[in-house]
Protein chains: 2
Amino acid sequence: MSAPRTQPIALECHHSTPGSVSTPTWHRLRDALLALIDSLGNNRKRPCRLPAEREMIARFSTTRITLRDALTQLEGEGRIYRENRRGWFIAPSRLHYDLLAGLAFHDMVESQQRQASTLLLSASTVPAPLHIARRLWLSEGSAVQRIVRVRAIDGRRVLYVEHHLRPDCFPGILDFDLAQHSLTALYRHEYSIRIARVDYELGSTIFGGPAGEALHATPGTAAQRITRINRDQNGRVVDCDDEYWRHDAIELALSAVPRGG
Amino acid sequence: MSAPRTQPIALECHHSTPGSVSTPTWHRLRDALLALIDSLGNNRKRPCRLPAEREMIARFSTTRITLRDALTQLEGEGRIYRENRRGWFIAPSRLHYDLLAGLAFHDMVESQQRQASTLLLSASTVPAPLHIARRLWLSEGSAVQRIVRVRAIDGRRVLYVEHHLRPDCFPGILDFDLAQHSLTALYRHEYSIRIARVDYELGSTIFGGPAGEALHATPGTAAQRITRINRDQNGRVVDCDDEYWRHDAIELALSAVPRGG
DNA sequence: GCAGTTTTCTGATCTAGACCAACTGGCCAT
DNA sequence: ATGGCCAGTTGGTCTAGATCAGAAAACTGC
């Protein structure tokens with residue numbers, strides 16, 4: 001605990017110029033919260049929780065809704081995040097995710113001096129839904145292997161992934177320890193399949209349903225969707241992923257030669 | 001105007017199973033709003049506005065805050081968007097943005113049967129801020145050409161871009177009609193410079209400041225940031241962009257060979 | 001017509017709570 | 001040590017407004 005001050009703090013009202021419009025309360029609150037965040041320090045290893053909402057209300061002499069506006073603002077900026085019904089936390093710095101580096105999750109995370117962990121939610125053979133069947137060049141309802149995992153950085157759950165594999169490519173892959181092994185490593189070493197081309201599709205959405213629950217994300221918070229379709233050295237589609245990231249957890253990067261060059 | 005019904009509508013309360021938890025009001029409201037959106041039709045050419053908030057409150061017999069929760073939800077999903085103090089609108093379908101296609105904005109938009117337009121906000125030579133100087137391999141404060149534009153699809157402002165160019169690469173480029181010409185076309189035809197490599201950096205943020213104002217975006221709404229650094233055929237950095245998109249306006253895509261292959 | 005002005009409408013912001021369900025932590029029994 | 005139970009805490013959800021400032025529409029005068 002750092003300097004516990006229970007004294008209410010009056011929000012300063014800065015006017016950039018005397019005649020200008022006054023800053024909205026939530027904006028001043030936002031700055032006050034930033035100061036609070038700084039004062040709490042940002043040691044990455046342990047999730048650093050903000051005080052309870054009602055305590056912050058008292059401390060800043062404001063209402064729940066205004067406080068929430070300010071918190072939501074900072075959440076959108078990626079400075080803080082929220083765990084459903086558990087509170088607000090200071091967001092660690094973003095993971096640098098190079099889409100074309102071809103690194104497995106654990107390698108990527110550990111190369112940035114962070115600790116990675118994976119939780120296997122399910123691994124089974126299921127009938128392919130239409131959109132999955134289309135991606136994998138299969139007919140709707142034909143069998144596909146489905147692997148659902150949750151991945152965490154320094155203990156914080158940041159990614160929910162669903163993989164769908166063509167079963168003719170990877171017979172028996174579900175029997176491996178999928179929480180420990182990288183899928184691409186298994187592809188290469190057990191099936192001699194290398195990922196030679198990737199098609200990405202990126203879009204923003206919100207959490208809700210299984211992805212939100214698995215990450216303890218409050219329904220409605222921003223999510224980064226990353227869909228990828230992998231092809232092997234023969235150009236054959238072998239699997240696809242649907243990734244849902246906490247939006248504040250990553251920063252995407254890539255370097256390539258554009259076609260119109 | 002479609003079927004104008006001023007009768008309040010009772011939100012149905014569906015319980016999936018008798019013993020289960022009831023769906024929150026905002027979630028049922030969300031579904032009702034989706035139905036409303038469908039009933040309004042989604043003709044792409046004209047921005048289709050939802051009724052005023054107070055009217056929707058009356059129609060659905062709810063409160064402002066609950067309505068806003070539902071609207072915010074749909075906004076996050078990209079189904080609707082908001083113009084600051086102007087109302088809520090049905091979101092057109094997303095523009096498919098292939099990061100590596102090397103297409104200029106107008107070509108990209110028109111190839112998808114949409115109409116593109118560009119507004120030039122400013123074009124001048126300014127001292128380079130530190131982060132720009134670093135990207136362009138210049139020293140802080142040295143002169144760079146700065147071009148700020150707003151781009152619209154079918155009349156809807158969706159993108160705010162700031163370009164910073166190395167002045168030694170493009171002398172006199174600010175004298176061209178920058179609202180009509182594609183920068184990359186000018187590079188190629190007037191300066192014989194082709195973009196041979198692009199470094200992208202993608203992240204989610206929120207609107208605020210000049211970008212938000214230029215797009216009429218309410219401060220705090222989600223934005224997709226795309227930063228790119230362009231190199232010419234000799235590997236020399238020639239310029240960089242900072243793009244801020246309305247998050248619901250685009251879907252990013254790319255296809256490439258990963259390095260770890 | 002057209003430009004400047006006024007009015008109206010509308011979303012943005014804020015107040016002051018209440019109630020509920022999920023989560024947490026402590027206590028107790030096995 | 002482990003697991004279940006209980007109560008307090010806390011965030012999620014919702015009610016019922018008020019006020020303000022920007023945007024759009026209506027209006028006015030040249």
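Here is how names work: the chains are called A, B, and so on, in the same order as the sequence lines, proteins then strands, and each is numbered from 1. Keep in mind that what you see is a predicted model, and the values were worked out from it rather than measured. Just the heavy atoms: all of them, side chains too, but no hydrogens, waters or symmetry mates, feed the values below.
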DNA chain C contacts among residues 79-89 of chain B, heavy-atom distance under 4.0 Å
B:R82, B:N84, B:R85, B:R86, B:G87

Could you tell me the separation between the [atom1] atom of [X] and the [atom2] atom of [N], rounded to a whole number of Å?
| X | N | atom1 | atom2 | result |
| --- | --- | --- | --- | --- |
| B:R49 | D:dA24 | CZ | P | 10 Å |
| A:R68 | D:dT13 | CZ | C1' | 9 Å |
| B:L67 | D:dC14 | CG | P | 12 Å |
| B:I57 | D:dG17 | CD1 | P | 11 Å |
| B:E55 | C:dT8 | CD | P | 20 Å |
| A:F207 | D:dG12 | CZ | P | 15 Å |
| B:E53 | D:dG17 | CD | C1' | 15 Å |
| B:H216 | D:dA24 | NE2 | C1' | 13 Å |

Tell me whether the side-chain N/O atoms of B:T218 come closer than 4.0 Å to OP1 or OP2 in C:dA12.
yes

With [X] via side-chain contact (heavy atoms from CB on, under 4.5 Å) - residues at least two apart:
| X | answer |
| --- | --- |
| A:R151 | A:F105, A:H106, A:T118, A:R149, A:L159, A:V161 |
| B:T125 | B:A143, B:Q145, B:L174 |
| A:H247 | A:A222, B:S204 |
| A:I250 | A:L95, A:Y97, A:Q224, A:I226, A:W245, A:L252 |

A:Q112 side chain to A:H96 backbone, donor-acceptor under 3.5 Å:
yes

side-chain contact (heavy atoms from CB on, under 4.5 Å) assessment of B:C240 paired with B:T227:
CA-CA 7 Å; B:C240 65; B:T227 299; 5.6 Å; no

Table of protein N/O atoms under 3.5 Å from nucleotides 14-16 of chain C N/O atoms:
unit_1 : atom_1 : unit_2 : atom_2 : d
C:dC14 : OP1    : A:T25  : N      : 2.1
C:dC14 : OP1    : A:T25  : OG1    : 2.6
C:dC14 : OP2    : A:W26  : N      : 3.2
C:dT15 : OP2    : A:T63  : OG1    : 3.0
C:dT15 : OP2    : A:T66  : OG1    : 3.2

Distance-only check: which donor-acceptor pairs under 3.5 Å involve side-chain atoms of residues 29-36 of chain B, not counting sequence neighbours?
unit_1 : atom_1 : unit_2 : atom_2 : d
B:R30  : NE     : B:E77  : OE2    : 2.8
B:R30  : NH2    : B:E77  : OE1    : 3.1
B:R30  : NH2    : B:E77  : OE2    : 3.3

Determine all donor-acceptor pairs shorter than 3.5 Å in which one atom belongs to a side chain in residues 210-219 of chain B; sequence neighbours excluded.
unit_1 : atom_1 : unit_2 : atom_2 : d
B:H216 : ND1    : B:R86  : NH2    : 3.2

Can you list everything that forms a salt bridge (Lys or Arg N to Asp or Glu O under 4.0 Å) with A:E243? Sequence neighbours excluded, please.
none

